[in-house]
Amino acid sequence: MSDKLIFFLQRITRKTWWRCSLFAGFAVLAVALASVLGPYIGRDVALKLGSDSIDSLLNILASSMLTVAIFSASTMVASFSAVSNSATPRAAQLLIEDTTIQNTLAVFIGAFVYSVIALVGLHAHIYGDGGRLVLFGFTLVVLVTVVIVFLRWIDYLSVLGRLGETIRRVESATRKAMDERLARPFLGGHAQQEGERGSHEIVSPDTGFVMHVSTDLLQARAEALDAQLHVHVLPGDFIGPGTVIASCTRPMDDAARQKIRDAFSIGPARTFDHDPRFGLVVLGEVAARSLSPAVNDPGTAFDVMATAVRVLSHWSVQRQRHDLAEPVQFDRVWAPAVREAGMVEDVFAPIARYGASAVEVGETLQRALQSLCGTTGAVPTAARAMSAYAIVRAEHAGLPEVDLQRLRQLAAS
């Protein structure tokens, strides 16, 4: 199975309708099994076990599940709006793809579909006494599942949409994307040196963000051409018509160029999957909003800086562990590494810009950057450059000399 197909299957399985359809299908299957297994159960056994009470249970389930499903859907939409307003609209994507929310909504809808179909079958006299007993057993299972999910849902609502929880989700998604990239630092190919490229370029006809690069498809095309392919864009990069996305060492016809373009999945927005820098961009947006005059919440900026230090330290430690010595899986493909200096800029530049007039923000920023100087790779150099940039922004923000002196002392240390 190709990487591109796996990527699209992952995207589909994160849609809410997919889980709802799956649980609804299980509900229909349970109702169908009741009519199949019913004839194997004696009438006396069915009556003794209370199969005659199935009607009232299904009526209660049908009437309550629709209300609960509507309530849960409205709560979910309200949470999306709250995250967009308090943090950033980009963070709402994590809630939309949250498995707990999707499973909860899917269970409630599946229970409603089950009860409605079961009631239709009962009133149509499809089931005998044995079938009613099997249906009674399935109904008890559905009720227990609904109660467990509902209790978990009530506990989950206590943190859903909160700003601190949103920052935690962004951190988790960023760490996951970092780990995936470090496992394949050059998308499974060779390390591409700066300026290295083929003589025949492939340009993009589309506009959008690179969501995924299927290196296995590029390898297959390079083998067919007996050539080497160089990738010039990574997941998260913005491209437009005419942007060079790849280059080849051998000439190609239009069909071969199109197959190479098909290996690049382009979308209207960035995603957290396969893009370790996007989470840092989102963290920077959260901090920038908290530092706006309308919000004036420097405490959130402090939380973001602490999170950013943890995430970048994680990247540094894991990078040193992997040492970028990944076995080359696709020997005909060359790809660039993630720009580590850009990772520091993504999250700290907005803080340095919008928090320049607040000395307490500047002090915390200098301490956070000082912590990163103990990491490896290009991060320490980028942290020192960001420290100098923050001092310049503070000078132009009109801070008193006494505050500037404190910031300069922290930066010098």
Side-chain angles (χ1 to χ4, degrees), residues 5-37 54 56-84 89-122 134-162 165-166 168-170 172-173 176 211 267 269 271-273:
L5 180 58
I6 294 174
F7 170 72
F8 279 110
L9 288 177
Q10 289 175 343
R11 300 298 302 170
I12 290 175
T13 54
R14 291 177 183 174
K15 301 294 183 181
T16 304
W17 65 264
W18 162 258
R19 294 177 185 269
C20 292
S21 301
L22 193 63
F23 276 81
F26 286 147
V28 174
L29 180 62
V31 174
L33 282 175
S35 61
V36 173
L37 300 177
I54 185 64
S56 58
L57 286 176
L58 288 174
N59 281 315
I60 295 172
L61 197 61
S63 59
S64 59
M65 281 302 99
L66 182 59
T67 304
V68 172
I70 294 174
F71 163 75
S72 300
S74 61
T75 303
M76 180 178 65
V77 173
S79 299
F80 298 162
S81 178
V83 169
S84 298
R90 262 62 61 188
Q93 177 186 338
L94 294 174
L95 278 185
I96 294 173
E97 297 180 353
D98 184 82
T99 56
T100 300
I101 296 176
Q102 293 181 352
N103 287 338
T104 300
L105 194 60
V107 167
F108 293 158
I109 293 177
F112 172 73
V113 171
Y114 165 80
S115 57
V116 169
I117 295 178
L119 280 173
V120 171
L122 283 175
V134 175
L135 203 62
F136 179 74
F138 280 131
T139 303
L140 292 180
V141 173
V142 171
L143 282 172
V144 172
T145 303
V146 167
V147 170
I148 294 174
V149 170
F150 189 68
L151 292 175
R152 184 185 180 191
W153 178 238
I154 292 175
D155 181 66
Y156 198 72
L157 289 177
S158 62
V159 298
L160 189 63
R162 293 183 178 271
E165 175 67 12
T166 302
R168 187 196 64 79
R169 288 172 182 267
V170 175
S172 177
K176 181 179 178 182
M211 300 173 64
T271 63
F272 291 90
D273 299 328

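Keep in mind that the numbers below use all heavy atoms, side chains included, and drop hydrogens, waters and symmetry copies.
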| message | Apply side-chain contact (heavy atoms from CB on, under 4.5 Å) to residues Val68 and Phe112 and explain how you reach the verdict. | response | CA-CA 10 Å; Val68 172; Phe112 172 73; over 6 Å; no
I need the minimum non-hydrogen distance between [X] and [Y], along with the two atoms involved.
X	Y	answer
Asp98	Tyr156	OD1-OH, 2.9 Å
Leu95	Ser79	CD1-O, 3.8 Å
Val83	Ala92	CG1-N, 3.8 Å
Met211	Gly267	SD-CA, 3.3 Å
Ala69	Leu105	O-CD1, 3.6 Å

With rounding to the nearest 0.5 Å, note down the distance linking [atom1] in [X] to [atom2] in [Y].
X	Y	atom1	atom2	result
Met65	Ile109	CE	CD1	11.5 Å
Ser115	Phe138	OG	CZ	15.0 Å
Ile70	Thr75	CD1	OG1	11.5 Å
Tyr114	Leu29	OH	CG	11.5 Å
Thr100	Asp155	OG1	CG	10.5 Å
Leu9	Trp18	CG	CH2	8.5 Å

| request: With side-chain contact (heavy atoms from CB on, under 4.5 Å) as the test, would you mind laying out the steps for Thr104 and Arg152 before giving the verdict? | output: CA-CA 9 Å; Thr104 300; Arg152 184 185 180 191; 6.0 Å; no
Side-chain donor/acceptor of [X] to backbone N/O of [Y], under 3.5 Å:
X	Y	answer
Glu97	Gln102	no
Ser84	Phe80	yes
Ser172	Arg169	no

| Do Val149 and Asn103 come close enough that some side-chain heavy atom pair is under 4.5 Å? | no
| query | Below 4.5 Å, heavy atoms only, C-beta onward: do Val77 and Ser81 meet side chain to side chain? | reply | no
| field | Neighbour count above 12 (heavy atom, 6.0 Å) for Phe150 CZ | value | no
| message | Could you walk me through whether Trp153 and Ile101 satisfy the side-chain contact (heavy atoms from CB on, under 4.5 Å) test, starting with their C-alpha distance in whole Å, then the side-chain angles of each, then the deciding distance to 0.1 Å, before giving a yes or no? | response | CA-CA 8 Å; Trp153 178 238; Ile101 296 176; 4.0 Å; yes
| request: Would you check, one step at a time, whether the test side-chain contact (heavy atoms from CB on, under 4.5 Å) holds for Leu94 with Thr166? | output: CA-CA 8 Å; Leu94 294 174; Thr166 302; over 6 Å; no
